[in-house]
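Following: one structure in structure tokens, then a few remarks.
Predicted model only: the values in this text are computed from it and were never measured. One-based numbering, in listed order, for ligands and for the atoms of each.
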Amino acid sequence: MLLKGLKVLDFSTLLPGPFATMMLADLGAEVVHVTKPVEEGKQWGPNDYLQRSKKSLAVDLKSPEVVKSLKELLKEQKYDIVVEQFRPGVMARLGLDYETLKAINPGLIYCSITGYGQTGLYRERGGHDINYISLSGVQGYSGTKENGPANIGFQVADLAGGSIHAVIGILSAVIYRDKTGVGQHLDISMTDCALTLNALFAHDYLAEGKPLPREELILNGGSLYGYYETLDGRYLSVGSLEPKFRQQLCQAIGHPDLLPLAMSNKPEDIAKMKEQLQSIFLQKTLDEWHSIFFEVDACVEPVLTFEETVAHPLFKDRDMFVEIAKPDGTTQKQIACPIKSNLFKASYGTVGVHAGTHNNEILGSLLKK
Ligand SMILES: CC(C)(COP(=O)(O)OP(=O)(O)OC[C@H]1O[C@@H](n2cnc3c(N)ncnc32)[C@H](O)[C@@H]1OP(=O)(O)O)[C@@H](O)C(=O)NCCC(=O)NCCSC(=O)C(=O)O
């Protein structure tokens with residue numbers, strides 16, 4: 001296991017931190033999730049997946065004895081990475097802030113994931129993914145002129161922002177600590193991370209002063225790149241950006257005559273081509289189009305329901321679903337670790353366990369002291 005020996009004490013809640021520490025656990029880190037005590041029979045949130053392979057400690061962090069015991073564990077270097085995701089100030093009120101813990105373990109890597117960072121005007125402001133992607137500008141040029149931004153259905157800032165940057169930060173800090181013995185405090189703001197997701201278009205504005213209007217850029221509706229409805233009310237994603245793919249597209253839909261229009265970058269031609277494509281795609285069902293495009297190199301794929309995704313041979317070929325053991329001896333299907341290597345194969349413990357399952361194992365003797 002790539003991260004064998006890394007020991008993480010994870011105070012995070014909701015999605016970004018738990019997803020980050022699940023990635024670390026999939027790669028072999030030992031993760032203990034610290035949470036509030038939960039009534040027997042009631043599990044916290046999406047525990048089965050996000051908490052897989054982790055141990056669970058359910059404790060009242062406002063109890064001085066508990067905090068003393070946790071510090072003891074950190075002092076003895078039983079855990080050398082802390083992940084937390086509260087509003088700035090919460091961990092300090094609990095006596096578990098970086099400065100306090102660094103004093104007892106200078107090699108500690110402490111990763112704080114927040115909406116807006118540890119500093120600045122917004123530091124204590126509550127928020128969720130929808131707010132982070134709104135402030136970061138990505139929603140300012142997504143959606144349509146008519147309807148404005150659209151709900152995207154999954155959490156971009158939390159995951160592509162917070163979780164993945166937290167993991168990169170933690171692993172970089174581990175490499176640095178291996179060389180120097182020195183730990184550090186990582187300040188991961190999900191909105192800062194979401195800002196970086198403007199990667200392609202930010203430059204147009206920053207370097208060239210070009211505004212980023214909805215439906216006028218190459219990927220947001222200003223080209224034929226987009227979604228088109230089919231006869232059965234389903235959708236096709238058309239990503240035929242390059243000339244060779246546009247050529248294949250026109251052939252596949254039986255309209256090589258449309259190639260000059262498909263190649264034109266004039267806004268009026270693009271609008272006409274999109275209209276043509278829409279009326280052509282409405283003539284067949286998604287399955288019929290899929291049969292045609294499966295044989296064609298044109299960057300056209302169906303928009304699948306999640307059920308269809310789970311059954312798709314693409315993910316079967318890539319072993320992207322795994323059966324994870326449950327404590328009752330049965331298994332549960334979950335998404336596999338997507339990091340694949342010639343040396344390493346992800347291995348998993350059980351699905352997330354009930355909050356507090358490992359209280360005795362981890363804190364038992366310390367709490368009795
Ligand atoms: C999500 C939040 C807005 C939720 O706000 P709040 O509910 O007000 O929580 P806070 O973090 O401010 O404070 C948590 C309080 O719970 C207390 N607390 C926490 N755990 C414990 C335990 N185990 N025992 C006792 N007390 C506890 C902690 O001491 C704080 O108390 P006091 O000190 O007494 O206050 C905020 O946590 C936040 O901004 N976090 C960083 C960013 C974030 O997680 N955003 C959401 C991502 S998910 C998302 O976007 C999405 O899916 O959508």
Inset, instruction - Give the atoms of ligand 1, by number and element, whose distance to some non-hydrogen atom of Asp60 is under 4.0 Å. - result: 24 (N), 25 (C)
Legend entry - Verify atom 6 (P) of ligand 1: protein non-hydrogen atom under 4.0 angstrom away: yes
Inset, instruction - Return a yes/no value: protein heavy atom under 4.0 Å from atom 52 (O) of ligand 1? - result: yes
Inset, instruction - Can you confirm whether something in the protein, heavy atoms only, sits under 4.0 Å from atom 3 (C) of ligand 1? - result: yes
Inset, instruction - May I ask you to check whether Thr13 has an N/O atom sitting below 3.5 Å from an N/O atom of ligand 1? - result: no
Legend entry - From NE2 (His358) to CG (Leu57), nearest 0.5 Å: 10.0 Å
Inset, instruction - Starting from atom 34 (O) of ligand 1, locate the nearest protein heavy atom and write down its residue, its atom name and how far away it is, to 0.1 Å. - result: Lys62 NZ, 2.7 Å
Legend entry - ligand 1-proximal atoms of Gln155, by part, heavy-atom distance under 4.0 Å: side chain
Inset, instruction - Indicate the ring-plane relationship of Tyr116 and Tyr132, choosing parallel, tilted or perpendicular according to the 30° and 60° boundaries. - result: perpendicular
Inset, instruction - Please write down residue, atom name and distance for the protein heavy atom closest to atom 49 (C) of ligand 1. - result: Asp158 OD2, 2.8 Å
Inset, instruction - Please could you name the atoms of ligand 1 that Gly115 approaches to less than 4.0 Å, counting only its heavy atoms? - result: 41 (C), 42 (C)
Inset, instruction - Classify the angle between the aromatic ring planes of His312 and Phe315 as parallel (below 30°), tilted (30 to 60°) or perpendicular (above 60°). - result: perpendicular
Legend entry - Any N/O pair Tyr132/ligand 1 closer than 3.5 Å: yes
Inset, instruction - Show your reasoning for whether salt bridge (Lys or Arg N to Asp or Glu O under 4.0 Å) applies to Glu308 and Arg234. - result: CA-CA 13 Å; Glu308 290 166 339; Arg234 301 290 303 271; 2.6 Å; yes
Inset, instruction - Any atoms of ligand 1 less than 4.0 Å from a non-hydrogen atom of Thr35? List them with their elements. - result: 23 (N)
Inset, instruction - Starting at CG of Leu286, measure out to CD of Glu288 and round the result to the nearest 0.5 Å. - result: 9.5 Å
Inset, instruction - Using a strict 4.0 Å cut-off to heavy atoms of Thr114, name the atoms of ligand 1 that fall inside it. - result: 41 (C), 42 (C)
Would you tabulate the side-chain donor-acceptor contacts of residues 94-101 under 3.5 Å, counting partners in other chains and residues two or more places apart, or write 'none'?
unit_1 : atom_1 : unit_2 : atom_2 : d
Asp97  : OD1    : Thr100 : OG1    : 2.7
Asp97  : OD2    : Thr100 : OG1    : 3.2

Inset, instruction - Pick one of side chain, backbone, both or neither for how Phe11 approaches ligand 1, counting any non-hydrogen atom pair under 4.0 Å. - result: neither
Legend entry - Identity and distance of the protein heavy atom lying nearest atom 35 (O) of ligand 1: Arg93 NH2, 3.5 Å
Inset, instruction - State the atoms of ligand 1, each with its element, that fall below the 4.0 Å cut-off from a heavy-atom position in Leu94. - result: 29 (O)
Inset, instruction - Look at atom 50 (O) of ligand 1 and say which protein heavy atom is nearest, naming residue and atom and giving the distance to 0.1 Å. - result: Asp129 N, 2.8 Å
Inset, instruction - Could you check atom 1 (C) of ligand 1 against the protein and tell me its nearest heavy-atom contact, residue, atom and distance included? - result: Leu14 CD1, 3.9 Å
Inset, instruction - Look at ligand 1 and say whether Tyr116 reaches it with a heavy atom at a distance under 4.0 Å. - result: no
Inset, instruction - Starting from atom 38 (C) of ligand 1, locate the nearest protein heavy atom and write down its residue, its atom name and how far away it is, to 0.1 Å. - result: Arg87 N, 4.1 Å
Inset, instruction - Distance to 0.1 Å, residue and atom name: give those for the protein heavy atom nearest to atom 16 (O) of ligand 1. - result: Lys36 NZ, 3.8 Å
Inset, instruction - Identify, for atom 44 (O) of ligand 1, the protein heavy atom at the shortest distance, and state residue, atom and that distance. - result: Gln85 NE2, 2.5 Å
Inset, instruction - Inspect the contact between Glu208 and Lys210 and indicate whether a charged nitrogen and a carboxylate oxygen are less than 4.0 angstrom apart. - result: yes
Legend entry - Close-contact set for ligand 1 against Val59 heavy atoms, below 4.0 Å: 22 (C), 23 (N), 24 (N)
Inset, instruction - Report, as yes or no, whether the 6.0 Å neighbourhood of atom NZ on Lys340 holds more than 12 heavy atoms from other residues, nucleotides or ligands. - result: yes
Legend entry - Centroid separation Phe201 to Tyr141 less than 6.0 Å: yes
Inset, instruction - Please could you name the atoms of ligand 1 that Gly126 approaches to less than 4.0 Å, counting only its heavy atoms? - result: 3 (C)
Legend entry - Inter-residue atom distance Leu241.CG - Leu224.CG, 0.5 Å rounding: 7.5 Å
Inset, instruction - Check the pair Asp287 / Trp289 against side-chain contact (heavy atoms from CB on, under 4.5 Å), numbers first and verdict last. - result: CA-CA 5 Å; Asp287 272 355; Trp289 284 121; over 6 Å; no
Inset, instruction - Number the atoms of ligand 1 from 1 as they appear, then name those within less than 4.0 Å of a heavy atom of Gly127, with their elements. - result: 3 (C), 45 (N), 46 (C)
Inset, instruction - Have a look at ligand 1 and work out which part of Leu61, if any, has a heavy atom under 4.0 Å from it: side chain, backbone, both or neither. - result: both
Inset, instruction - Quick one: list whatever passes side-chain hydrogen bond (donor to acceptor under 3.5 Å, both in side chains) with Asn359, sequence neighbours left out. - result: none
Legend entry - Salt bridge flag under 4.0 Å for residues Glu76 and Lys78: yes
Legend entry - Any N/O pair Val90/ligand 1 closer than 3.5 Å: no
Legend entry - Under-4.0 Å salt bridge between Glu216 and Lys145: yes
Inset, instruction - Check the pair Asp80, Arg177 against salt bridge (Lys or Arg N to Asp or Glu O under 4.0 Å), reporting the backbone distance first and the verdict last. - result: CA-CA 11 Å; Asp80 51 6; Arg177 185 180 62 189; 3.2 Å; yes
